Amino acid sequence: MSIERIESTQTAESTETAELTESTETAAATESTERTTHTPAAATTVVDFFFDPACPFAWISSRWILEVEREREIELRFKVMSLYLHNEGNELPDWYRELVDKSIGPVRVAVAAAEQHGDGVLRDLYTAFGARIHEQGAKDFDDVVAQSLAELGLPASLAEAAHDTAYDPAVRTSHDAGKDPAAGSYVGTPTIHVDGSVWFGPVLNSIPRGEEAARLFDSFRTLASHSDFFELKRTRTGSLSFD
């Protein structure tokens with residue numbers, strides 16, 4: 001065989017080998033892509049957070065769940081409950097009775113805003129209320145309402161709802177939606193529904209951030225998914241921090 005024919009044969013065999021290798025690698029890559037494409041996505045957890053703007057513990061937990069939203073696949077929805085309705089008929093210390101009685105004002109405004117602008121307005125309105133009440137220490141809730149509405153560009157006329165009992169049926173409807181259906185009542189605030197399972201808490205002294213917030217939620221969700229789990233509690237110590 002001539003040198004030219006040997007070289008031609010070797011070249012053909014080399015080309016065939018390269019094409020076969022490329023074909024095999026392409027098929028493997030395609031198979032890998034298909035496996036990746038068809039991997040089921042993680043299910044989104046639905047979290048309904050029931051808040052009263054006056055409650056400091058709800059405020060801390062709400063800032064925590066917002067941190068969780070950045071780290072985990074959750075559908076977070078804010079809804080209104082009422083400390084005033086929750087404490088109907090209860091004997092309370094004078095200082096707490098004063099807080100509970102005036103707490104109904106911002107709650108009525110939140111319900112009125114949701115009626116006129118949709119439930120999506122509640123997240124930012126709650127943040128505006130809470131930042132003033134808890135972080136800035138505002139005591140005049142009428143001022144809190146007026147400033148918050150102005151900040152968000154909402155109609156100033158919504159402030160009138162704070163002293164309008166006509167909104168109380170809507171407040172009660174929203175409040176009652178937060179109750180545990182099995183018990184027909186609240187344990188307290190904050191109340192969180194996780195995929196329909198109703199829980200009081202978590203009660204926190206400070207706001208977990210980032211991955212720490214996410215790990216706490218993972219643990220919370222694990223406990224919440226157990227049908228026979230009801231309570232885990234210890235004596236609360238220390239003071240509240242809104243940082």
Side-chain angles (χ1 to χ4, degrees), residues 47-72 74 76-84 86-87 92-93 95-110 113-114 120-152 154 159 162 175 178 186-194 199-221 232-243:
V47 178
D48 290 324
F49 190 101
F50 284 80
F51 70 91
D52 183 305
C55 177
F57 296 106
W59 175 250
I60 289 175
S61 293
S62 71
R63 302 309 94 179
W64 160 69
I65 202 66
L66 286 170
E67 290 285 319
V68 173
E69 187 181 38
R70 300 185 184 99
E71 303 288 337
R72 296 292 186 266
I74 67 171
L76 176 58
R77 306 182 297 200
F78 284 96
K79 299 177 181 292
V80 180
M81 61 89 65
S82 168
L83 285 175
Y84 182 83
H86 180 57
N87 286 283
L92 304 173
W95 69 268
Y96 192 54
R97 171 50 66 189
E98 180 183 358
L99 174 66
V100 165
D101 286 349
K102 71 178 185 179
S103 70
I104 190 65
V107 167
R108 286 171 177 154
V109 173
V121 77
L122 292 175
R123 174 192 294 244
D124 290 342
L125 187 57
Y126 179 29
T127 293
F129 285 164
R132 289 169 171 79
I133 294 170
H134 304 295
E135 296 178 7
Q136 300 172 22
K139 305 298 182 185
D140 187 329
F141 285 7
D142 286 342
D143 281 350
V144 165
V145 166
Q147 292 171 15
S148 298
L149 294 175
E151 176 189 328
L152 300 178
L154 292 170
H175 176 83
Y186 279 91
V187 175
T189 177
T191 287
I192 302 179
H193 295 202
V194 180
W199 294 93
F200 162 55
V203 177
L204 302 163
N205 275 358
S206 62
I207 306 166
R209 302 289 185 182
E211 185 58 29
E212 180 188 11
R215 289 196 303 269
L216 176 59
F217 179 74
D218 292 341
S219 301
F220 177 85
R221 183 170 52 182
L232 179 67
K233 191 172 184 178
R234 66 176 179 176
T235 301
R236 187 171 60 83
T237 59
S239 56
L240 302 186
S241 172
F242 303 121
D243 296 336

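Here the structure is a predicted model, which is why all the values come from computation and not from measurement.
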Under a 4.5 Å cut-off applied to non-hydrogen side-chain atoms, are [X] and [Y] in contact?
{"X": "Pro53", "Y": "Val107", "value": "yes"}
{"X": "Trp64", "Y": "Val68", "value": "yes"}
{"X": "Leu66", "Y": "Phe78", "value": "yes"}
{"X": "Trp59", "Y": "Leu240", "value": "no"}
{"X": "Leu125", "Y": "Leu149", "value": "yes"}
{"X": "Lys102", "Y": "Lys139", "value": "yes"}
{"X": "Ile65", "Y": "Ile74", "value": "yes"}

**Request:** For the pair Asn205 (side chain) and Thr237 (backbone), establish whether a donor and an acceptor sit closer than 3.5 Å, ignoring hydrogens and angles.
**Result:** yes

**Residues forming a salt bridge (Lys or Arg N to Asp or Glu O under 4.0 Å) with Arg72, sequence neighbours excluded** = Glu211, Asp218

**Item:** Listed partners of Arg215 passing salt bridge (Lys or Arg N to Asp or Glu O under 4.0 Å), at least two apart
**Value:** none

**Request:** Answer yes or no: are there more than 12 heavy-atom neighbours, outside Phe141 itself, under 6.0 Å from its atom CZ?
**Result:** yes

**Item:** Set of residues satisfying ring pair (Phe, Tyr, Trp, His ring centres under 6.0 Å) with respect to Phe217, sequence neighbours excluded
**Value:** none

**Prompt:** Among all residues two or more places apart in sequence or in another chain, which pass the ring pair (Phe, Tyr, Trp, His ring centres under 6.0 Å) test with His193?
**Reply:** Phe50

Minimum-distance pair of heavy atoms, taken over all atoms of [X] and [Y]:
{"X": "Asp142", "Y": "Ala162", "value": "OD1-CB, 4.4 Å"}
{"X": "Pro202", "Y": "Ile192", "value": "CD-CD1, 3.7 Å"}
{"X": "Pro106", "Y": "Phe129", "value": "O-CE1, 3.6 Å"}
{"X": "Asp52", "Y": "Tyr84", "value": "OD2-N, 4.5 Å"}
{"X": "Ser206", "Y": "Pro208", "value": "O-CD, 3.3 Å"}
{"X": "Ser103", "Y": "Ala54", "value": "CB-CB, 3.7 Å"}

**Message:** Does the plane of the ring in Tyr126 sit parallel, tilted or perpendicular to the ring in Phe51? Use 30° and 60° as the thresholds.
**Reply:** parallel

**Prompt:** For the residue pair His134 and Phe242, does the interplanar ring angle fall in the parallel (under 30°), tilted (30 to 60°) or perpendicular (over 60°) class?
**Reply:** tilted

**Item:** Any residue meeting side chain to side chain contact (heavy atoms under 4.5 Å, CB included) with Glu151, in chain and number order, not counting sequence neighbours
**Value:** Ala128, Arg132

**Prompt:** How long is the gap from CD on Glu69 to CZ on Arg123, to the nearest 0.5 Å?
**Reply:** 4.0 Å

**Prompt:** Roughly how far apart are Glu212 CD and Ile207 CD1, rounded to 0.5 Å?
**Reply:** 11.5 Å

**Item:** Option passing side chain to side chain contact (heavy atoms under 4.5 Å, CB included) with Cys55 (candidates Thr189, Ile133, Leu99)
**Value:** Thr189

**Asked** Are Arg70 and Glu67 close enough for a salt bridge, meaning some N to O gap below 4.0 Å?
**Response** yes

**salt bridge (Lys or Arg N to Asp or Glu O under 4.0 Å) between Arg63 and Glu135, intermediate numbers included** = CA-CA 12 Å; Arg63 302 309 94 179; Glu135 296 178 7; over 6 Å; no

**Message:** Restricting to side chain to side chain donor-acceptor pair (under 3.5 Å), what partner residues turn up for Asp140, sequence neighbours left out?
**Reply:** none

